[in-house]
Amino acid sequence: MAELNLVLLGPPGSGKGTQGERLNEDLRLPYYATGDILRAAVRDETELGRSAKRYMDAGDLVPDEVIVGVIAEALDSDEARDGFILDGFPRTTPQAEALDAKLAELGRSVTAVLLIDVSDDEVVRRLGGRRTCAANGHVFHVEFNPPEKEGVCDIDGAELVVRDDDKPEVIRKRLDTYHEKTEPLIDYYDHRSVLRRVDGVAPPDQVTEELRRTLATMRLEQDEAV
Ligand SMILES: [Zn+2]
């Protein structure tokens, strides 16, 4: 069977992480959230991990070449032989080019980019409505999962707060960055005919179903092409 090298794309709050974990179970392919594998490389003190740590300790952004190196190591592993699911990378056109170049070295390419499409207003509604328990991090949502008593954690009675990441101005800033840096990837991958768009506004189970259908259709097309 052909390998399945997948990239998840979508704004913050689009549910990429949730869908990535479900695809990971469905497809039995490793799921790589960039932040996690970068942290793992630092923890395991690999050569690239040590290099990444030097930048992080200095308060600098980890340069693309280091991130690409860490990801390439993961993609070149035994567990990723039949494919992988990437989340959080690439985030910019230069990163996408670097990923393509690395994969080409390995005789591989991106099979599909799954874009989970969600409007800005929906992102603000989702992230902005989150309330987090100050004591133990339990998460509620004013609209989708409200606590029994406003501002109080159902589980331990602690105060519910808005995390910095969930403040409207911070969400807008993350969205601006997404539009400016990451959105150009939609065209980039569309030109390469690997972009698949999924409506991310539907409930998570429906989004999962649509992703499954999209991948099944793609595999049929691949089989016909062989
Ligand atoms: Zn709590």
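Indexing begins at 1, ligand by ligand and atom by atom, following the structure's order.
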Indicate every side-chain donor-acceptor pair of residues 46-58 with a distance under 3.5 Å to a residue at least two apart or in another chain.
residue	atom	partner	partner atom	Å
Thr46	OG1	Gly49	N	2.9
Arg50	NH1	Glu45	O	2.9
Lys53	NZ	Asp57	OD2	2.8

Using a 3.5 Å cut-off and no angle test, enumerate the donor-acceptor pairs between side-chain atoms of residues 34-42 and protein atoms at least two apart in sequence or in another chain.
residue	atom	partner	partner atom	Å
Thr34	OG1	Asp87	O	2.9
Thr34	OG1	Gly88	O	3.2
Thr34	OG1	Phe89	N	3.2
Asp36	OD1	Arg39	NH2	2.9

Salt bridge (charged side-chain N to carboxylate O under 4.0 Å, His left out) against Arg213, all qualifying residues, sequence neighbours excluded
none
Distance under 6.0 Å and angle within 45° of the ring axis: does Arg174 meet both against Tyr178?
no
How far apart are the closest heavy atoms of Ala202 and Val207, and which atoms are they?
O-CG2, 3.4 Å
Under a 4.0 Å threshold between the charged nitrogen and the carboxylate oxygen, would Arg212 count as salt-bridged to Glu209?
yes
If I only include protein atoms of type N, O or S, how many are less than 2.8 Å from the Zn ion (ligand 1)?
5
